[in-house]
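As the structure is a computational prediction, the values presented were derived from the model and not from experiment. Both ligands and their constituent atoms are indexed starting at 1 by order of listing.
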Amino acid sequence: LKSIGVLTSGGDSPGMNAALRAVVRTALFEGVKVWGIYNGYRGLLDEEMEEMTSRSVSDIIQRGGTILGTARCKRFMTEEGRMQAYENMKKRGIEGLVIIGGDGSLRGATQLSLETGVPIVGLPGTIDNDVWGTDYTIGCDTAANTIIDAINKLRDTASSHNRIAVVEVMGRHCGWLAMLAGIAGGAEFILVPEEEYNLDDICSGIIKSYEQGRRYSLIVVAEGVGSSLDIGKYIEEKTNMDVRVSVLGHIQRGGSPSVRDRVKASQLGEKAALALIAGQSDVVFGFNQGKVVAIDLHDAITNKKHMNDEFIRLAKQLN
Ligand code: ATP
């Protein structure tokens, strides 16, 4: 391919800029034109795009969010919308796309490729770590670090007041982020949608640990489990202890990307650009046990990600 486009879509995540920078610089190095498309699929429809130079991606590797902007776009969910997007690409000679986004964005990409034959390479850009076939998504490491920072602070105050701290973290239907942050933050209990739990057992566990001299408890709850406020209320009533619930919210999406996110996003960005230029399509690049892997785009969107059993075991073992 001689001219490609790149966009970020869905929820932003720290490291998207590092991936974008790698895509742009790799393409330019290969002598291929690269178009930056603003605001996800909406920009493709509204023709918000421009040709990128090496300078367009200067001074961005350290920034959170995405300099291209991102959006959720209803029109792209229709075939008519996707045909319009295709026409807008053709007008500029854009022959293929790198899509950096979550599972919804990859689903949209599959539709576009299916209907128009446009070559698509995807990169998993989401803090949720919910994409099948890869044990890493761009931004999940920074988000986990942000959560750890919050957990450390909540621990200080929970221990001073002899309280139970319940921390709700993001991840949509997926418990990976909660599991990673819970293990790293030394949580006593980690509630994820992939694993059944019994609140009564948790309450008796807490009471027992207090009797043995524990001063506070920390429980990490994945948003996919349900309302952490309800969970906190139930625990308060059952244990007769002071509970404070903190819903961390969008703070988890921001911040300067970690070393791990910058490096991995750069590796994935390079791979994506090279694959697309070489004419590959319908593939998502991710990591498996430390190595870059190519995942079939269709598999990535149809399979449901499993929780790592080893993490579940470890979390229980260490609590
Ligand atoms: P995150 O998981 O971080 O929130 P995401 O990529 O899953 O990111 P979505 O809002 O699900 O975020 O999807 C982003 C955009 O992708 C949608 O606004 C829509 O334009 C497009 N999209 C999602 N699903 C489809 C689909 N089935 N067909 C066509 N386009 C889709």
Side chains of residues 113-125: which donor-acceptor partners sit under 3.5 Å, not counting sequence neighbours?
{"unit_1": "S113", "atom_1": "OG", "unit_2": "D282", "atom_2": "OD1", "d": "2.7"}
{"unit_1": "S113", "atom_1": "OG", "unit_2": "D282", "atom_2": "OD2", "d": "3.3"}
{"unit_1": "E115", "atom_1": "OE1", "unit_2": "R82", "atom_2": "NE", "d": "2.8"}
{"unit_1": "E115", "atom_1": "OE2", "unit_2": "R82", "atom_2": "NE", "d": "3.4"}
{"unit_1": "E115", "atom_1": "OE2", "unit_2": "R82", "atom_2": "NH2", "d": "2.8"}
{"unit_1": "E115", "atom_1": "OE2", "unit_2": "Q111", "atom_2": "NE2", "d": "3.0"}
{"unit_1": "T116", "atom_1": "OG1", "unit_2": "L112", "atom_2": "O", "d": "2.6"}
{"unit_1": "T116", "atom_1": "OG1", "unit_2": "V118", "atom_2": "N", "d": "3.2"}

For this session: Applying salt bridge (Lys or Arg N to Asp or Glu O under 4.0 Å), run through E51 and R92 and close with a yes or a no.
Result: CA-CA 10 Å; E51 218 183 302; R92 289 166 181 81; over 6 Å; no
Exercise. Decide whether T126 and R172 meet the rule of one side-chain donor and one side-chain acceptor closer than 3.5 Å.
Key: no
Chain-and-number sorted residues having a heavy-atom contact under 4.0 Å with ligand 1 are S9, G10, G11, Y41, R72, C73, F76, M77, R82, G102, D103, G104, S105, R107, G108, Q111, T126, D128, R172
Residues pairing under ring pair (Phe, Tyr, Trp, His ring centres under 6.0 Å) where one sits in residues 58-88, two or more places apart or in two chains, turn out to be Y41-F76
Residues E188 and N319: side-chain donor-acceptor under 3.5 angstrom
no
If you look only at distance, which donor and acceptor atoms sit under 3.5 Å apart when one is on a side chain in residues 162-169 and the other is two or more places apart or in another chain?
{"unit_1": "R163", "atom_1": "NE", "unit_2": "D242", "atom_2": "OD2", "d": "3.2"}
{"unit_1": "E168", "atom_1": "OE1", "unit_2": "S228", "atom_2": "OG", "d": "2.6"}

